[in-house]
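Each chain gets a letter, A, B and so on, in the order its sequence line appears, and its residues count up from 1.
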Amino acid sequence: MEAMLAIAIGLLSGCGVYLMLRARTFPVILGLTLLSYAVNLFLFASGRLTINAPPIISAEASHYTDPIPQALVLTAIVIGFGMTAYIVTLALRGLSESGDDHVDMAVESTEAGKKGETA
Amino acid sequence: MMSFLVMHSAILPVLIPFVSSIVLLIAARRDATMQLCIAAVSTLLLLAASAQLLWLTDHLPPLAYALGEWRPPFGIVLVADRLAALGVMLSAILAAAALLYASAGFDQKGRHFHAIFQLQLVGINGAFLTGDVFNLFVFFEVMLLASYILLAHGGGLDKSRSGFAYVTLNLAGSAVFLIALGLIYGTLGTLNLADIAIQLQTVSGNEASLVRLAGALLFTVFLLKAAVLPLSFWLPHAYAAAGAPVAALFAIMTKVGIVALLRVETIAFGPAAATADLVGDWLVIAALATIALAALGVLAAKRLQTLVAWLVLSSAGVLLLLAPLGEREITAAGLYYLVQSAIAGAAFFLLSGLISDARGAAADHLSAARSNMPVRLKLGFLLLAATAAGLPPFSGFIGKLMLLSSVSDASMAAAIWAVILIAGLLTTVALAKAGSRLFWETPPETEALPPETEALPPATQAAAHWRQTAACFSLMTITLLLVVLARPLSDFCQRTAMQLHQPTDYIHAVIPQPETVNRVNRP
């Protein structure tokens, strides 16, 4: 199971980094999402992989799984959702304002562009 | 009542803006006056709470505040020591000035400015006060999410474009942060900073190398926030695109990264044998390269606000020297420099906004334009330029002098002196050039003016709102006060540095009896 999880994390983060380095906003956002999946899996694994064990104290349990990483992952997922929603909005706004979805700044049509500033 | 306030003083700087931002979102969605009142009351309360915290921490050992009475290392803990109190005080002062400036009309460009502004303060204050690294991550995210929205406030393509790059970079940073946290939890079994310091003492073998990796990743994230050279190119774009009051508040954000780096290094990673050499000469070199790059950026800037953004980067570079040099005297001098550079930087952003308004269509571009600039703006520019360049008798000079004299025994003293002094010279040249362009140069009569300059109605060229001027000039007064009160402040910085370099006090405040902590064997 460890090997499978490690391969999954590696694959996800590799694809995520590749996509993040693309020049258009949609692949970049997709890459960020994949990277955050990889990170969440990694955080989950930091409590060691335990099967069939409760995360809470119980009289019948002989061994436990660590509940803290699960709580951390939950927090990270919520934050990741919020961030992804915001960056999608931002990308859409950039698209509607400039008409193309390049990550780099298009100088023309900005106020600064008229004054020769390469923002 | 009083003791209740004292007991909860460590959480007040987080709680006050948090409650007011919720109230703003629920109760004052449309009423502009109401919004402003709530935000003003909250910021004044925050100033009072920060002042109280500063006084308390100066007279008491670090205050550990266990949320919900869950004793550390198991619960969430806030720790108020002098460094945290200093940071909170600084952010309250900048927030008050930025809010005053924004209340003149900038806040009404979007409906939720005040709520987000207060959330930004939650993030900044929380990041200063938190005692565990996972909540440091959470508060960083709160701070960044608010900053993304504030950055885009006011609209415009350059804002959404530079916003996109800023958000992407910081999301990637957050991913690295989480990986570091996972490694720390996986090896040490704790995320509480004081407990990390205790556990690091006994770590060995494979665990030690994993912890070193975690520490390196963690420092990388802090350096991204602090904008050290290979990771610094986002800063000038983002800060130059933000509105003036937002940029003024952002002046503290690079400082958050530096304080986090300083705290984690001095309390946990520095004293432990396994990770003692993580922060070393390489960071001095990176910091000096940052200063050199920033000096070139200041020279090349085409807008005043871009120029100030590069100045902020330059001060961040200077402050990055603190962690690797690691001497108490240097830290003390650096903390004075941190205070003065944050306030002067914020004042400069506000002044750049005022100048931009006064010049009409030419805005803050460093080009000739016809305008009637009030004398106070010229004097203000002179004062802030001299402060930023480190000319006597202003606070920038005192800060640099203390820093340079304290590093004279360090291993790379000659290089540090040379880079800081040459960068100061370049900054002086650039600021003199910028000032003469902005204030004295007029376009030749024959040259056709851009049509919008002519078309501008006289009203927009009229005097700035008194609140804007008041905000900017009160920050300038504070920079002058930093000169007059240099002695008490630098004494306080000495005490802060002393506390910071005695991590046992901090650890003892959080976990008084480590041996009694009931640790269960982990699966």
Side-chain angles (χ1 to χ4, degrees), chain A residues 13 16-17 20 25 28-29 31-32 35-36 38-50 53 63-66 68-69 71-73 75-76 79-80 82-84 86-87 89-98 102-107 109-119, chain B residues 74 134-135 137-138 140-142 144-145 148-149 151-152 155-172 174-179 181-187 189-191 214 236-237 240-241 301-303 306 361-367 450 452 520-523:
Chain A
S13 45
V17 170
M20 264 174 60
T25 52
V28 170
I29 295 171
L32 280 171
L35 191 65
S36 73
V39 167
N40 289 341
L41 283 176
F42 181 82
L43 263 186
F44 188 73
S46 74
R48 307 297 187 270
L49 302 173
T50 319
H63 60 303
Y64 296 99
T65 182
D66 194 341
I68 301 263
L72 301 185
V73 168
T75 316
I79 292 177
M83 295 293 180
T84 311
Y86 182 72
I87 199 170
T89 322
L90 203 61
L92 284 176
R93 192 163 129 178
L95 177 64
S96 70
E97 275 169 6
S98 72
H102 257 273
V103 172
D104 283 329
M105 324 268 159
V107 181
S109 84
T110 65
E111 286 166 9
K114 291 177 197 159
K115 301 289 171 193
E117 164 84 3
T118 48
Chain B
F74 299 115
F134 191 76
N135 279 293
F137 165 75
V138 173
F140 263 179
E141 293 305 306
V142 173
L144 290 171
L145 189 52
Y148 303 154
I149 302 172
L151 179 63
L157 180 61
D158 53 336
K159 282 184 182 171
S160 20
R161 281 301 167 90
S162 62
F164 189 85
Y166 175 71
V167 176
T168 309
L169 198 63
N170 277 304
L171 283 181
S174 306
V176 177
F177 202 155
L178 280 174
I179 293 172
L181 294 182
L183 281 171
I184 290 177
Y185 188 79
T187 49
T190 181
L191 290 168
H237 291 313
K302 292 197 177 98
R303 280 176 53 205
T306 317
D364 61 341
H365 293 281
L366 299 179
S367 55
E452 61 265 56
V520 183
N521 281 337
R522 285 154 32 79

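- Across B:Gly182 and A:Ser46, no two heavy atoms sit closer than the pair O-CB, 3.1 Å.
- Residues passing the ring-ring contact (aromatic ring centres under 6.0 Å, His included) test with B:Phe137 are B:Phe134, B:Phe177, sequence neighbours excluded.
- Per-residue counts of heavy-atom pairs under 4.5 Å with chain A were compared for B:Leu171, B:Asn170, B:Leu181; the largest is that of B:Leu171.
- Across all their heavy atoms, B:Gly186 and A:Arg48 have their closest contact at O-NH2, 2.8 Å.
- Contact annotation for B:Leu183: both backbone and side-chain heavy atoms come within less than 4.5 Å of a heavy atom of chain A.
- For A:Thr25, the parts lying under 4.5 angstrom from a heavy atom of chain B are both the backbone and the side chain.
- The closest side-chain heavy-atom distance from B:Val167 to A:Met83 is not below 4.5 Å.
- Between the CG atom in A:Leu90 and the CG atom in B:Leu151 there is a gap of 8.5 Å [rounded to 0.5 Å].
- Within the 4.5 angstrom heavy-atom criterion, only side-chain atoms of A:Leu32, from C-beta onward, approach chain B.
- Counting heavy-atom pairs under 4.5 Å between each of A:Thr75, A:Leu49, A:Leu35 and chain B puts A:Thr75 at the top.
- Remark: A:Phe44 engages no residue in a ring-ring contact (aromatic ring centres under 6.0 Å, His included) (not counting sequence neighbours).
- How far CG of B:Leu145 is from CD1 of A:Ile87: 11.0 Å, rounded to the nearest 0.5 Å.
- Contact annotation: the side chain of B:Phe164 approaches that of A:Ile29 to within less than 4.5 Å [non-hydrogen atoms, C-beta and beyond].
- A distance-only check finds a donor-acceptor pair linking the side chain of A:Tyr86 to the backbone of B:Tyr148 [under 3.5 Å].
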